[in-house]
A.B. asks: 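I am attaching a structure below and will ask some questions about it afterwards.
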Amino acid sequence: MGNHYMDTVQEAMVRTYNRFPVVLDHGEGMYLYDTEGKKYLDFGAGIAVMGLGYGNREFNDALKEQIDKLIHTSNLYYNTTLGEAAEALCRVCGMDRVFFTNSGTEANEGALKAARKYAWEQKTGRCEFISMEDSFHGRSMGSVSVTGHKEYREPFEPVMGGVKFAVYNDLDSVKALVSEKTCAIILEPIQGEGGINPATLEFLQGIRKLCDDNGILLIFDEVQCGMGRSGSWFAWQEAGVKPDILTMAKAIGNGFPVGAFAMTEEVAAHSLKPGDHGTTLGGNPLAGAAVKTVIGLFEKEHLIDHVREIAPYLTEKLQELVDTCDKAVRVKGKGLIQGLEVSMPTGEVANKALEEGLIVITAAQNVIRMIPPLIVEKEHIDEMCEKMKKVLS
Ligand SMILES: *Cc1c(COP(=O)(O)O)cnc(C)c1O
């Protein structure tokens, strides 16, 4: 499939991605269209980013208006959108103070630094982190150090030291790693990249208690599962297990590159101070407009309620695939972050789906992620199932 758009990318970019042989051109709602006019139903949402779907008129208009008003100022000054975005995000994520970054990776970097600074201020000497196997927290030196895939870390060693990996959903394995040096425990309440694995309530509660009993901070990475996808604004809220530091990104800007880490007042009061952390672009007026508009539209369109209403239907239809297709093994996950475990190569599933006009994203070794825009309706789920039946037969 020769195409000058592909050719230029092939020649001019570092080869860090295996791209599918399609050139996407525009999108509308739940659908994407390529340069040849072919239509794709999107169950990947640009990796859990496009909560509002494509071409949301109000979102696009708000960004255009802000572009004409003011795009960037640097964080040396106040600007008109930042405060509203911070207030709205703190309100929905249930934390007290937020720092805006440009990505999820940077949010996790900031969270690690905040935790270290907290220990440093209190002179506890705590400097180690406990993370989980199969976790994903990013690709920078700090975030990759706490990422539980050896293949992602090994080529870049020595990465940040003092990180131990426990088995997800196995509290005893976490307990075994705790010492007086443990600074923080970091985990995703629902692992995304690792195969859509939700933490059990007992695991989250057990970790919270372990942290409280031992003076350890708890960091939740909700970059993927947060912002409505789990059926609450953030997954910690439905579990009732509150982290000390929460990281976010992906859907909070609906495609505008913005992330954030937020913390409780207790952590904020004893960690990062002026000069400890910063970013030139993070939280600029345009990013602020994106976050504030996304939250406003989620509320106006009652998207969280919609996720709760529609999610059981997605589970039901995925279960139907398991019941009728030999190659569909089981369903896992919750809300609109579900996974279909398959017994054929996931790359083959994604490629065949693409041919059928369906976009899906793979996870771990054997999972197809079902992470559609949150505006998905029953008719789209039915259409996805029809296409997946062909792919898996
Ligand atoms: C995607 C992801 C990240 C990294 O976010 P980027 O915006 O790609 O830097 C971190 N943690 C989790 C759980 C993610 O899914």
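Atoms within each ligand, like the ligands themselves, are counted from 1 in listed order. Residues take their numbers from the sequence shown, with the count starting at 1.
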A.B. asks: Would you tell me whether Gln319 and Asp323 have side-chain atoms, one donor and one acceptor, within less than 3.5 Å of each other?
C.D. replies: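 Yes - a donor-acceptor pair under 3.5 Å links their side chains.
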
A.B. asks: For Asp382 and Tyr313, does a side-chain donor sit closer than 3.5 Å to a side-chain acceptor?
C.D. replies: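 Short answer, yes.
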
A.B. asks: Using a 4.0 Å heavy-atom threshold (strictly under), name the region of His137 that reaches ligand 1: side chain, backbone, both or neither.
C.D. replies: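 For His137, only backbone atoms sit under 4.0 Å from ligand 1.
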
A.B. asks: Grouping I, L, V, M, F, W and Y whenever their side-chain heavy atoms are under 4.5 Å apart, do Phe43 and Leu336 come out in a common cluster?
C.D. replies: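 In one cluster: yes.
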
A.B. asks: Does a side chain donor of either Glu128 or Thr182 reach within less than 3.5 Å of an acceptor in the other side chain?
C.D. replies: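 Result is no, nothing qualifies.
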
A.B. asks: Should you measure from each heavy atom of Ser103, which atoms of ligand 1 turn up under 4.0 Å away?
C.D. replies: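 In order of numbering, the contacting atoms are 7 (O), 9 (O).
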
A.B. asks: Numbering the atoms of ligand 1 from 1, which are under 4.0 Å from a heavy atom of Gln224?
C.D. replies: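 By the 4.0 Å cutoff, the relevant atoms are 15 (O).
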
A.B. asks: Is there a donor-acceptor pair closer than 3.5 Å between any side-chain N or O of Thr147 and the backbone N or O of Ser143?
C.D. replies: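 The answer is yes, because a donor-acceptor pair under 3.5 Å joins these two groups.
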
A.B. asks: Just need the protein heavy atom nearest to atom 1 (C) of ligand 1, so name the residue and atom and give the distance.
C.D. replies: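 Protein heavy atom with the smallest distance to atom 1 (C) of ligand 1: Lys250 NZ, 1.5 Å.
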
A.B. asks: Which protein non-hydrogen atom lies closest to atom 11 (N) of ligand 1, naming both residue and atom, and how far is it?
C.D. replies: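 It is Asp221 OD2, 2.7 Å.
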
A.B. asks: If you measure from each non-hydrogen atom of Asn108 to ligand 1, which part falls under 4.0 Å: side chain, backbone, both or neither?
C.D. replies: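 Looking at Asn108 and ligand 1, just side chain atoms fall under 4.0 Å.
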
A.B. asks: Going by the closest heavy atom to atom 6 (P) of ligand 1, which one wins out of Ser140, Ala107, Gly104?
C.D. replies: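 The residue whose heavy atom sits nearest atom 6 (P) of ligand 1 is Gly104.
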
A.B. asks: How far is atom 9 (O) of ligand 1 from its nearest protein heavy atom, and which residue and atom is that?
C.D. replies: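 For atom 9 (O) of ligand 1, the nearest protein heavy atom is Thr105 OG1, 2.5 Å.
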
A.B. asks: Side chains of Glu238 and Ser232 only: does a donor on one sit below 3.5 Å from an acceptor on the other?
C.D. replies: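 Indeed, the side chains of Glu238 and Ser232 share at least one donor-acceptor pair under 3.5 Å.
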
A.B. asks: Counting each atom of ligand 1 from 1 as listed, which ones have a heavy atom of Glu188 under 4.0 Å away?
C.D. replies: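 Taking each heavy atom of Glu188 in turn, ligand 1 has 13 (C) under 4.0 Å.
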
